[in-house]
Peer 1: 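After the C-alpha cells below, expect a handful of questions from me.
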Amino acid sequence: MTISFRESLRWLPSPASEPTLTLVLTTPWSHYLDLRLLPPSPPSTSPTTFQTPLPPSTTLYWGHAGTAAPSASNPLATTWRHTLDTRQPVPAVESGINTVLPDGRVLETGAMVDFDDGRCKEYEEVWRDEAAPRGAAWVAETVGAETVGAAEGPAGVGVGAGAEEAVGTGGMVVRIYDWCQALVVTRSGTMAGRWVRRDGAWAPLFLCGGMTEEVPEWVPVGERQEWAGAVWLTVGMREGE
C-alpha cells in the first residue's frame, strides 16, 4: 500500500522536469489510481503544494486505474494493467523497474508513450512515497450498468444506464489515509477528483467533468452506495484512523 507523489519525469536523453502534480494511490489489494494534473504553470512538488487546491484552469493530463503487481521474474519490476484510461484503449499494460535511491525516494525506469508527440520513449520518474501511518484503505468500483438518475450526468458526462457497456468504461475511487482520488470514464466523457483530509474534514483539491465535491461514504466490503451519479460497490476495506 503506497501514497506516491511524482517529483520528476525525464524523457531520455532530455533533462528531467515536472509539469504535473501526479499522485498514485495503491491499495493492499493491488488496485491503483493514477491522476496526473496539469496546472497552468509548472508546479512545485513539495508536500504543501500537493495539499493546496489547484487553479480552475488545471486540467487532467492523464488518468488511469487498474491493478499493479510485481513481476514474477524480476522483484524490482512492477506491471500496471489499465482497466480505465483517459488516453489510450484498454486493456493497456506497462511495466517499470523500481530502484530505491539512497535518500529513500524511488527511481522508476521503463518505456511508455509521450502523449505530447505520440512516440514511445524511455523514461525516468522519481517518486516520493508517503507512509499511511494508521493503515486505513478503501476502494470501490462502479457496478455494471447500474446508475442513478438520467443518462447524462453533470457537465454532460454520461453516467446513465448502459454507459459501461463500452469497452474500458467504468469508475474507481480509492481512499488511503488522508488522500482520496476518483476516476470515471464513459463514452461521453471523464469525471475525476482529488481530495485531502485536514482536521478530520475532506477538502476537494481538483474536480473535473462535474465530479461531486463530497467523497463517498466509507461502507463495508460488499455494500453498495449511490455517489457521483453511479452505483458503487466496495471491493476492499481496511480499518484505520
Side-chain angles (χ1 to χ4, degrees), residues 1-9 17-27 31-66 68 84-87 105 115 125-142 153-155 157 159 171-186 189-218 225 227-230 232 240-241:
M1 180 171 72
T2 57
I3 304 168
S4 302
F5 305 87
R6 196 176 74 180
E7 294 195 342
S8 67
L9 166 64
S17 64
E18 185 49 88
T20 71
L21 286 170
T22 294
L23 171 63
V24 182
L25 301 180
T26 306
T27 76
H31 303 83
Y32 82 89
L33 205 164
D34 182 328
L35 293 185
R36 307 182 179 205
L37 309 181
L38 186 64
S41 58
S44 161
T45 56
S46 70
T48 301
T49 301
F50 268 96
Q51 296 185 35
T52 302
L54 289 163
S57 55
T58 300
T59 59
L60 176 63
Y61 179 78
W62 186 20
H64 56 97
L84 298 171
D85 197 308
T86 64
R87 286 276 191 171
R105 295 181 300 167
F115 294 112
E125 291 175 310
V126 175
W127 298 88
R128 171 176 53 85
D129 289 346
E130 178 182 293
R134 289 183 282 276
W138 182 86
V139 57
E141 297 176 331
T142 51
V157 176
V159 293
M172 181 184 293
V173 56
V174 176
R175 287 171 56 178
I176 296 182
Y177 190 43
D178 284 340
W179 292 93
C180 179
Q181 294 195 136
L183 178 64
V184 179
V185 180
T186 76
T190 297
M191 292 195 298
R194 177 181 294 169
W195 300 260
V196 67
R197 184 169 56 180
R198 303 191 192 96
D199 300 321
W202 289 95
L205 303 176
F206 171 81
L207 304 169
C208 73
M211 177 60 72
T212 181
E213 293 190 3
E214 296 78 21
V215 298
E217 296 294 325
W218 185 282
Q225 64 177 300
W227 180 74
W232 297 76
E241 298 180 13

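Sequence positions, counted from 1, serve as the residue numbers for this chain.
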Peer 1: Can you give the donor-acceptor pairs under 3.5 Å from side chains of residues 200-209 to other protein atoms, not counting sequence neighbours?
Peer 2:
none

Peer 1: Which residues pass the side-chain contact (heavy atoms from CB on, under 4.5 Å) test with T212, sequence neighbours left out?
Peer 2: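 For T212 the side-chain contact (heavy atoms from CB on, under 4.5 Å) partners, ignoring immediate neighbours, are E214, W227, A228.
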Peer 1: Would you please name every residue forming a side-chain hydrogen bond (donor to acceptor under 3.5 Å, both in side chains) with R194, sequence neighbours left out?
Peer 2: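 Applying side-chain hydrogen bond (donor to acceptor under 3.5 Å, both in side chains) to R194 gives Q181.
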Peer 1: Minimum heavy-atom separation for L54 to L21, with atom names?
Peer 2: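 Smallest heavy-atom distance, with atoms named: CD2-CD1, 3.3 Å.
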Peer 1: For W179, give me all partners under ring pair (Phe, Tyr, Trp, His ring centres under 6.0 Å), at least two apart in sequence or on another chain.
Peer 2: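 Result, ring pair (Phe, Tyr, Trp, His ring centres under 6.0 Å) vs W179: F5.
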Peer 1: My understanding is that only residues two or more places apart in sequence, or in another chain, count here; which of them pass salt bridge (charged side-chain N to carboxylate O under 4.0 Å, His left out) with R36?
Peer 2: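 For R36 the salt bridge (charged side-chain N to carboxylate O under 4.0 Å, His left out) partners, ignoring immediate neighbours, are D34, E125.
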Peer 1: Please lay out, stage by stage, how W62 and D85 fare under the test side-chain contact (heavy atoms from CB on, under 4.5 Å).
Peer 2: CA-CA 8 Å; W62 186 20; D85 197 308; 2.9 Å; yes
Peer 1: Using the test salt bridge (charged side-chain N to carboxylate O under 4.0 Å, His left out), find all partners of R87 that sit at least two apart in sequence or belong to another chain.
Peer 2: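 None.
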Peer 1: Does anything in residues 43-65 pair up under salt bridge (charged side-chain N to carboxylate O under 4.0 Å, His left out), and if so which pairs, sequence neighbours excluded?
Peer 2: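 Counting only pairs at least two positions apart or across chains, no salt bridge (charged side-chain N to carboxylate O under 4.0 Å, His left out) contact touches residues 43-65.
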Peer 1: Residues two or more places apart in sequence or in another chain: which of them pass side-chain hydrogen bond (donor to acceptor under 3.5 Å, both in side chains) with T20?
Peer 2: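 R6, E18, T22.
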Peer 1: Nearest heavy-atom pair of G171 and W232: which atoms, and what distance?
Peer 2: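 So the minimum-distance heavy-atom pair works out to C-CZ3, 3.6 Å.
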Peer 1: Between P216 and R175, which heavy-atom pair has the shortest distance, and what is it?
Peer 2: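 That closest heavy-atom pairing would be O-NH1, 2.9 Å.
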Peer 1: Within a radius of less than 6.0 Å around CD of Q225, do more than 12 heavy atoms belonging to other residues, nucleotides or ligands occur?
Peer 2: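 Check passes, neighbour count above 12.
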Peer 1: When you look at F50 and R128, which way does the side-chain contact (heavy atoms from CB on, under 4.5 Å) test go after all the steps?
Peer 2: CA-CA 12 Å; F50 268 96; R128 171 176 53 85; 4.2 Å; yes
Peer 1: List the atom of L183, the atom of L84, and the distance in Å for their closest heavy-atom pair.
Peer 2: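 Distance-wise, the nearest heavy atoms are O-CD1, 3.9 Å.
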Peer 1: Please name the pair of heavy atoms, one in T2 and one in I176, separated by the smallest distance, quoted to 0.1 Å.
Peer 2: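 Result for this residue pair: O-CD1, 3.8 Å.
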Peer 1: Just distance, no hydrogens or angles: give the donor-acceptor pairs under 3.5 Å from side chains in residues 37-49, sequence neighbours left out.
Peer 2:
| from | atom 1 | to | atom 2 | distance (Å) |
| --- | --- | --- | --- | --- |
| S44 | OG | S46 | N | 3.1 |
| S44 | OG | S46 | OG | 3.4 |
| S44 | OG | T49 | OG1 | 3.4 |
| S46 | OG | T49 | N | 3.3 |
| S46 | OG | T49 | OG1 | 3.0 |

Peer 1: Which heavy atom of A192 sits nearest to which heavy atom of M211, and what is that distance?
Peer 2: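 Minimum heavy-atom contact is O-CB, 3.4 Å.
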Peer 1: Taking the side chain as C-beta and beyond, is there a heavy-atom pair between H31 and L33 under 4.5 Å?
Peer 2: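 Heavy-atom side-chain distance check fails, nothing below 4.5 Å.
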Peer 1: Quick check: do M172 and Y32 have side-chain heavy atoms less than 4.5 Å from each other?
Peer 2: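 They are not in side-chain contact.
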Peer 1: Flag the pair L25 / I3 as yes when at least one side-chain heavy-atom distance between them is below 4.5 Å, and no otherwise.
Peer 2: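 They are in contact (side-chain heavy atoms under 4.5 Å apart), so the answer is yes.
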Peer 1: Could you work out, with side-chain hydrogen bond (donor to acceptor under 3.5 Å, both in side chains) as the rule, every residue matching W127, not counting sequence neighbours?
Peer 2: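 Testing W127 for side-chain hydrogen bond (donor to acceptor under 3.5 Å, both in side chains), a comparison that skips the adjacent residues, returns E108.
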Peer 1: Could you tell me which residues satisfy ring pair (Phe, Tyr, Trp, His ring centres under 6.0 Å) with Y61, sequence neighbours excluded, listed by chain and number?
Peer 2: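 Partners of Y61 under the ring pair (Phe, Tyr, Trp, His ring centres under 6.0 Å) test: none.
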